[in-house]
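Below is one structure; the comments refer to it alone.
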Protein chains: 2
Amino acid sequence: MNKAAPNGRPRARSSVTIQHIAARAGVSTATVSRTLANPDVVTAKTRERVLRAVAETGYTPNVAARNLRARRSMMILVVLPNVANPFFAQVLRGVDDELVTAGYDMIIGNLDNLVAREARYVRLAQAGQVDGVLLMTGRIPKGDTRNMDDLGLPMAAVCAAVPGLAAPQIVADDRGASIAVAKHFIGLGHQRFGYVSGLQGNVNDVQRYAGFLEGLDAAGVPREAVTYWPGDFNLRAGVEAARAFLTLAERPTAVYAACDEIAIAFIKTVSDAGLEVPKDVSIIGFDGIEFAEFISPTLTTMRQPRYELGRASARALLEEIQDGGTGERLIELPAPMVVGDSTAPPRPGR
Amino acid sequence: MNKAAPNGRPRARSSVTIQHIAARAGVSTATVSRTLANPDVVTAKTRERVLRAVAETGYTPNVAARNLRARRSMMILVVLPNVANPFFAQVLRGVDDELVTAGYDMIIGNLDNLVAREARYVRLAQAGQVDGVLLMTGRIPKGDTRNMDDLGLPMAAVCAAVPGLAAPQIVADDRGASIAVAKHFIGLGHQRFGYVSGLQGNVNDVQRYAGFLEGLDAAGVPREAVTYWPGDFNLRAGVEAARAFLTLAERPTAVYAACDEIAIAFIKTVSDAGLEVPKDVSIIGFDGIEFAEFISPTLTTMRQPRYELGRASARALLEEIQDGGTGERLIELPAPMVVGDSTAPPRPGR
DNA sequence: CTGAAAGCGCTAACAA
DNA sequence: TTGTTAGCGCTTTCAG
């Protein structure tokens, strides 16, 4: 038992080790280990004595020692673009629920949208700190010497597909949902369209834009009928796109936003400028965040099954860990439309 | 749960160890270790040889071994009520930013609002898995045998104060902010008030309600002039409170909501019922979430410095770890009012 | 400045 | 069924 360390030395922790338990129960350390890992393999009497000793002392096995010896950590690394983004918070809950049941915990690898931060987590993974990696970033984290996919570590991707990754990928059907958006607008009679993008180059954004164009194209809408405003996945982008929209002489009557935040900010901005939604302009968002139904007008949006995305991906990752990698496979969950009051036919004559 | 991969041994990880580096560089393992931990202590020539060997092999020290030997993990456990709550997501970003600079990573202990889940994380902490614990829950997690504060582990609390915890606590000034809310309403001329609570018994909620009453009391408002609606910190609570509000014959003209979600849902619900905000009823929320300024009318709210709460608490925890515990101390960050369009004087004659 | 050697606490062969 | 024993890969005295 070491005493209070003055200068940054490790303080006293749970100082009771497997040795103490062994001594107290009058058995070997191996028996203690067995009792804890596999109770049925020891006699009832032994088990009882060991467990009593454990209870009396409040013993908990040292994880570092166990990890070192057993070569596993029961930890999963979750790499995500930005912890502050509420979207991922929901997904994380699904991930956590699934991991906890399997006895795993999660380490958060927050990139804060900075590519430079990737290397840190590659290092962490390479150091044997985790048993698996869940990618929410849509790309393979780059390390100093090796990349995340070069570690022989079980992986899975969620939310954003990673091109060329040989691992399970669980994503929403961005393209299909976006085709549905186009169809919905077309069905209402719109003829001039706008798209406010998410982060440039983001896989989801690319898919959504592509799907939207595809859907419009199928209805014979020419590409020139679509105005594109670049953005990112934040509220600010909606404000800026709306301002650009307002300066237009001949405005689109139907705008598709890459996420709900953008859509909500767009609505707010054009409303403040005196336009009416949906009479003057219809808007559809993406994600189906909770706030969508608490603004006025309520937002028409494509609902991503965030919790289920989290669960499914965690489950897939656990399977990778257990089965040693059943490997590549793409699971696309549908993102159904939730119709709100932000969409309507265009004003006559528009 | 099974521990070993079905098909034999654990998969190949970073198989290069300090031994390999030592051999390759023609030095002892001790020298390799020193070079990596403290480069200045070896000669330039030695350093160069070791670092080359490291670079050539892509060697990364095994963390479990290091943890075991060094008795530290460079991991912080963050216990939070609910990962899915966007409020905490922001705080987490502050925490992460601070931890990363100090070389720490974080493990998320998500309680999912379930007290029963606490024990799991007490165990994790007791197992030496982390160097410190950050509590966002407003209570001390209870374990099977011991509680979180009984582990001799550095701790800090953030967002919600933990009564009787001998550790730094970093919170927003709920009480002071709520007094300001009362004053603001009073200044506008209101005389009948409502309060929609957060989760029953939650420290923050208790403080906010107390502060609100205190502020009203100071202005001579009798307790009967305040209607209380129980809730939790979710949108749904705002809907329910609003419905109750609508049934009242003589309605409050000023409502204070324990968080912005509640306020937003309240506004939506009463607006849909034909009332005008703020003409018929003024509303103030708490937190200052981003959406507050993107609804109509924009929300008056008390802005919590979420990112800063995260940073400050992480910093305090790191100090605890380094200084061996400077201990108990309460830091209250101000939560300034952001005035929106949801507050105004009551209609004449009300 | 460097090397030898002793473990950190635990698990898993292998014996008994 | 249980004990003995040999490490897992690393850091850190203690000598040299």
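Computed from heavy atoms alone, side chains included, the values below leave out hydrogens, waters and symmetry copies. Every chain is numbered from 1 and lettered A, B, ... according to where its sequence line falls, protein lines coming before strand lines.
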Send over the distance from [X] [atom1] to [N] [atom2], rounded to a whole Å.
X: A:Arg34; N: D:dT1; atom1: CZ; atom2: C1'; answer: 8 Å
X: A:Asn62; N: D:dC8; atom1: CG; atom2: P; answer: 18 Å
X: A:Lys45; N: D:dT1; atom1: NZ; atom2: C1'; answer: 13 Å
X: A:Leu68; N: D:dA6; atom1: CG; atom2: P; answer: 18 Å
X: A:Arg72; N: D:dC8; atom1: CZ; atom2: C1'; answer: 13 Å
X: B:Arg66; N: D:dT11; atom1: CZ; atom2: P; answer: 5 Å
X: A:Arg47; N: D:dT2; atom1: CZ; atom2: P; answer: 9 Å
X: B:Ile18; N: C:dG3; atom1: CD1; atom2: C1'; answer: 13 Å

Look at the side chain of [X] and decide which nucleotide, out of [options], has an atom nearest to it.
X: B:Arg71; options: C:dC8, D:dT11, D:dG3; result: C:dC8
X: B:Arg69; options: D:dT1, C:dG7, D:dC8; result: C:dG7
X: A:Val42; options: D:dG9, D:dT2, D:dT11; result: D:dT2

*With DNA chain C as reference, determine whether B:Ala65 or B:Val27 sits nearer its 5' end, using the nearest nucleotide of each.*
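Between the two, 5'-proximity favours B:Val27.
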Does [N] have OP1 or OP2 sitting under 4.0 Å from an N or O in the side chain of [X]?
X: B:Ser28; N: C:dG3; value: yes
X: B:Thr43; N: C:dT2; value: yes
X: B:Thr46; N: C:dT2; value: yes
X: B:Ser33; N: D:dT11; value: yes

*Would you indicate what B:Val32 reaches in the nucleic acid, counting non-hydrogen atoms under 4.0 angstrom: base, sugar-phosphate, or nothing?*
nothing
*For A:Thr31, which contact category applies under a 4.0 Å heavy-atom criterion: base, sugar-phosphate, or nothing?*
sugar-phosphate
Is any NZ, NE, NH1 or NH2 atom of the basic residue among [X] and [Y] found under 4.0 Å from an Asp or Glu carboxylate oxygen of the other?
X: B:Glu320; Y: B:Arg315; answer: no
X: A:Lys142; Y: A:Asp150; answer: no
X: A:Asp96; Y: B:Arg117; answer: yes
X: B:Asp40; Y: B:Arg47; answer: no

*Classify the side-chain pair B:Ser73/B:Asn67 by whether it contains a donor and acceptor separated by less than 3.5 Å.*
no
